[in-house]
Amino acid sequence: MDDGCSLDVYNCSKPCSDKCGAPEEQDRSTSDLPDKYLKSAVTPSAQYGINVFALGLVLTVAEASQKAGVTQEHTLAYLSTLMAMQLAWMLWYFIRRHEKGGPTIDKDDHAGPGWLRGGLTLFAILSLVLDMLKIGYYIGYSSCLTDANGAFPVVHAVHTISQVYFLWFHAKDVIQTFQIIERFGMIHAVFTNLLLWVNGTVAESKHQLDDHKKRLATFGVVNISVEKTAPECNCTTNACAVFYRGFYYMYPFSIEYHIFASAMLYVMWKNVGRKIEEHRPRKLIFKRQYKILPGPVLGAIVLAATIGILIVYNIQVGHSEAQRKSAVTMFYLYSITVLSLMSAATTSGLVIYRIDKRSVDNSPNPTRKLDGSLLVSTACASWLLSWCSVIAGIAAETRPDHTWLNLPFSLLTIIEKYLQNMFIIESLHRESEKSEEQVEKTRGIFTVSASENHRERAAVGGDRGNAARGLWRPARDSDWQPVPSLPPRGSETHTWDKKSLLLKNIAAFLFLCNISFWILPAFGTRPQFDNGLEENVYGFETWILIVNLAMPFAIFYRMHASASLFEVFCLT
């Protein structure tokens with residue numbers, strides 16, 4: 001039957017839009033394009049982003065090799081240009097988004113939760129401190145540093161402030177208009193942040209390598225040259241050395257800021273053009289519960305011990321050979337103990353989930369999918385380092401005294417991350433507990449009065465209607481009784497409350513432990529450089545290359561696992 005309305009949604013006129021199912025307002029730039037073409041914009045935008053990243057990566061490698069004629073100024077100029085392009089795109093997005101009569105934006109309730117934006121803001125503030133230190137350092141050495149060294153921290157500071165504002169207010173946006181332009185803008189922002197992350201990790205790795213070479217020179221190792229890092233001129237202020245040392249206390253926070261930002265922007269890129277399904281969002285509710293004690297208390301003890309280990313390790317490792325071995329042995333004993341506790345905790349959590357009968361949430365969720373992918377992919381870096389240590393411990397001709405501690409440490413690292421990944425991914429896929437409104441709704445469905453039952457039975461044709469509804473069939477009408485109500489409020493979830501309490505304690509303990517294992521390598525505690533085992537087996541240059549490539553991902557794994565465990569704690 002022809003109702004006069006075209007079945008082609010792209011040619012559907014406004015008066016008959018309700019029949020055709022087309023939206024009342026559709027952007028002119030994409031209304032005449034088929035969905036297949038819009039979806040295909042994923043591929044060209046991804047290829048564009050990969051090439052932007054590849055060029056920046058090549059510049060960074062060429063700069064580090066110091067043999068290709070590429071200097072730090074070239075890399076900084078390229079990064080500054082990328083940040084300026086992203087700033088221009090974000091400004092265009094702000095204007096278009098907030099103009100009068102602008103497009104209505106759907107929201108993805110799973111993307112950009114408040115706690116994640118709060119963490120991003122904290123890291124951004126510390127990243128701004130790094131920019132201020134770099135500006136002060138440039139002022140001190142302005143006579144022999146190029147303009148790129150001074151412009152980069154200024155552009156980066158503006159970029160950081162603008163990007164935090166953008167992600168704070170627009171991380172949940174599901175864009176349906178100008179989709180091709182937005183895809184390219186989003187992916188440009190993703191890979192710009194990834195390149196800034198690479199730049200920070202390279203600078204941090206150089207600092208760690210220089211410190212390692214200085215320690216080797218102190219211990220009498222020959223053929224190790226330490227490069228001069230200060231510019232070839234005198235500082236005009238007395239604080240240049242302080243600024244330089246401050247860089248490497250702030251770099252870990254800047255590195256985490258950029259990787260967090262790139263992850264949030266990637267979710268926005270995946271959400272462009274996505275059709276949001278009606279699905280109740282899982283709200284993060286942090287409730288103060290006095291019963292949650294063992295997990296946070298034990299985790300706080302681990303965190304306090306971590307700070308002590310960090311201070312003692314960094315003091316002892318550079319003094320003498322005997323103190324270095326003592327510091328490495330102390331680290332391994334501490335780590336083996338904590339990793340054993342973490343493995344036991346995650347195993348207990350997985351056992352609870354095997355007992356739990358709650359359903360699994362398999363609804364489409366780019367944020368959750370990204371969380372799982374990042375956990376597994378970044379854990380591969382730690383597994384690489386661990387297996388290298390295992391092979392070195394077995395194959396080495398001469399072994400240091402602490403080799404027997406390195407082996408269980410490496411194996412426990414593999415096991416702990418394997419179990420923790422399973423625990424986190426399964427936790428994020430579990431349906432959250434029924435809300436009070438749902439429980440009350442369920443009570444209202446099953447608690448029916450006798451008069452309502454009688455009227456319902458008469459309305460639908462007697463006992464067949466009642467049988468269809470599963471009501472008890474009495475012998476006489478006078479025998480109709482209300483269907484028994486549900487148990488008193490709270491009793492039906494009493495068993496789950498105990499499981500939930502255990503899971504909250506496990507998540508809190510693992511959260512603090514992962515923070516601890518992030519602090520140690522991020523601030524210089526790296527026994528991979530100091531134990532001497534792997535260097536003897538693989539060679540100095542090869543092992544340094546492996547560590548410098550894998551360690552940034554291993555550090556990020558701990559921070560991302562901490563963020564995911566905090567979400568698990570709030571959702572449980």
Side-chain angles (χ1 to χ4, degrees), residues 56 72 75-91 93-94 112 114-142 145-171 188-207 235 237 239-265 515 518-519 522-524 552 555-556 559-560 562-563:
Q72 184 185 39
T75 303
L76 295 181
Y78 180 69
L79 293 175
S80 298
T81 302
L82 293 181
M83 287 189 289
M85 292 173 64
Q86 184 183 342
L87 285 170
W89 168 73
M90 288 191 296
L91 179 61
Y93 185 88
F94 292 152
W115 63 268
L116 182 58
R117 287 175 287 166
L120 179 79
T121 304
L122 176 61
F123 286 132
I125 292 172
L126 296 172
S127 183
L128 289 173
V129 173
L130 175 61
D131 291 329
M132 298 302 105
L133 293 174
K134 287 185 175 181
I135 292 172
Y137 187 79
Y138 170 77
I139 293 173
Y141 285 110
S142 58
L145 290 177
T146 63
D147 293 338
N149 294 100
F152 177 78
V154 175
V155 176
H156 185 267
V158 176
H159 177 268
T160 299
I161 295 171
S162 302
Q163 184 168 255
V164 169
Y165 176 86
F166 176 83
L167 291 174
W168 189 266
F169 293 101
H170 300 291
H188 177 90
V190 169
F191 283 102
T192 297
N193 278 275
L194 285 178
L195 280 175
L196 291 168
W197 171 74
V198 169
N199 184 66
T201 54
V202 169
E204 171 69 9
S205 297
K206 285 181 179 179
H207 172 70
C235 179
T237 67
C240 288
V242 176
F243 291 150
Y244 185 78
R245 286 195 297 268
F247 290 173
Y248 302 101
Y249 290 102
M250 294 296 108
Y251 265 127
F253 302 107
S254 179
I255 289 168
E256 297 303 331
Y257 159 71
H258 284 298
I259 203 70
F260 269 47
S262 61
M264 295 175 70
L265 288 163
I515 290 291
W518 174 79
I519 290 174
F523 291 95
I555 294 173
F556 170 70
M559 180 53 65
H560 185 65
S562 300

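Any value given below was found using the heavy atoms of this structure, including those in side chains, with hydrogens, waters and symmetry copies removed.
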Check the orientation of Phe556 and His560. Use parallel for under 30°, tilted for 30 to 60°, and perpendicular for over 60°. parallel
Phe152 side chain reached by Asn199 side chain, heavy atoms, under 4.5 Å: yes
Which heavy atom of Val164 sits nearest to which heavy atom of Ala124, and what is that distance? CG2-CB, 3.4 Å
Would you say Phe166 and Trp89 make side-chain contact, with heavy atoms under 4.5 Å? yes
If you apply the rule side-chain contact (heavy atoms from CB on, under 4.5 Å), what do you find for Val158 with Met83, and how did you get there? CA-CA 9 Å; Val158 176; Met83 287 189 289; over 6 Å; no
Here the pair of heavy atoms bringing Gln163 nearest to Leu265 is OE1-CD1, 3.6 Å
Locate the shortest heavy-atom distance separating Ala148 from Leu76; write the atom from each residue and the value. O-CD1, 4.1 Å
At their closest point, which heavy atom of Leu120 faces which heavy atom of Ala261, and how far apart are they? CD1-N, 3.8 Å
Can you tell me how far CG of Leu130 sits from OH of Tyr137, rounded to the nearest 0.5 angstrom? 13.0 Å
Look up atom CD1 in Ile125 and atom CD1 in Ile161, then write down how far apart they are to the nearest 0.5 Å. 10.0 Å
Set out, in order, the CA-CA distance, both residues' side-chain angles and the distance that settles side-chain contact (heavy atoms from CB on, under 4.5 Å) for Val198 and Val202, then state yes or no. CA-CA 6 Å; Val198 169; Val202 169; 4.2 Å; yes
Heavy-atom donor-acceptor pair, His188 side chain to Leu82 backbone, under 3.5 Å: yes
Any side-chain heavy atom of Phe123 within less than 4.5 Å of one from His258? no
Heavy-atom distance under 4.5 Å between the side chains of Thr192 and Leu196, does that happen here? yes
Could you tell me if the side chain of Met90 sits less than 4.5 Å from the side chain of Tyr165, heavy atoms only? no
Heavy-atom closest pair, residues Ile515 and Ser562: N-OG, 3.4 Å
Within-4.5 Å side-chain heavy-atom neighbours: Ser127 and His156: yes
Please determine whether the number of non-hydrogen atoms from other residues, nucleotides or ligands lying under 6.0 Å from atom CZ of Phe523 exceeds 12. yes
Enter the distance from Glu204:CD to Phe247:CZ here, rounded to the nearest 0.5 Å. 12.5 Å
How long is the straight-line distance from CD1 of Ile139 back to SG of Cys240, given to the nearest 0.5 Å? 9.5 Å
Is there a side-chain contact between Lys134 and Asn149 in this structure, where contact means two heavy atoms from C-beta onward sitting under 4.5 Å apart? no
Rounded to the nearest 0.5 Å, what's the gap from CG on Leu91 to OG on Ser162? Could you check? 8.5 Å
For a 4.5 angstrom cut-off between non-hydrogen side-chain atoms, does Gln72 reach Thr75? no
Under 6.0 Å between ring centres, would you say that holds for Phe253 and Tyr257? no
Can you tell me how far OH of Tyr244 sits from OH of Tyr141, rounded to the nearest 0.5 angstrom? 10.0 Å
Which atom of Tyr138 lies closest to which atom of Asp147, heavy atoms considered: OH-OD1, 3.6 Å
Does the pair Gln86 and Asn193 meet the rule for a side-chain contact (heavy atoms from CB on, under 4.5 Å), with working shown? CA-CA 10 Å; Gln86 184 183 342; Asn193 278 275; 4.0 Å; yes
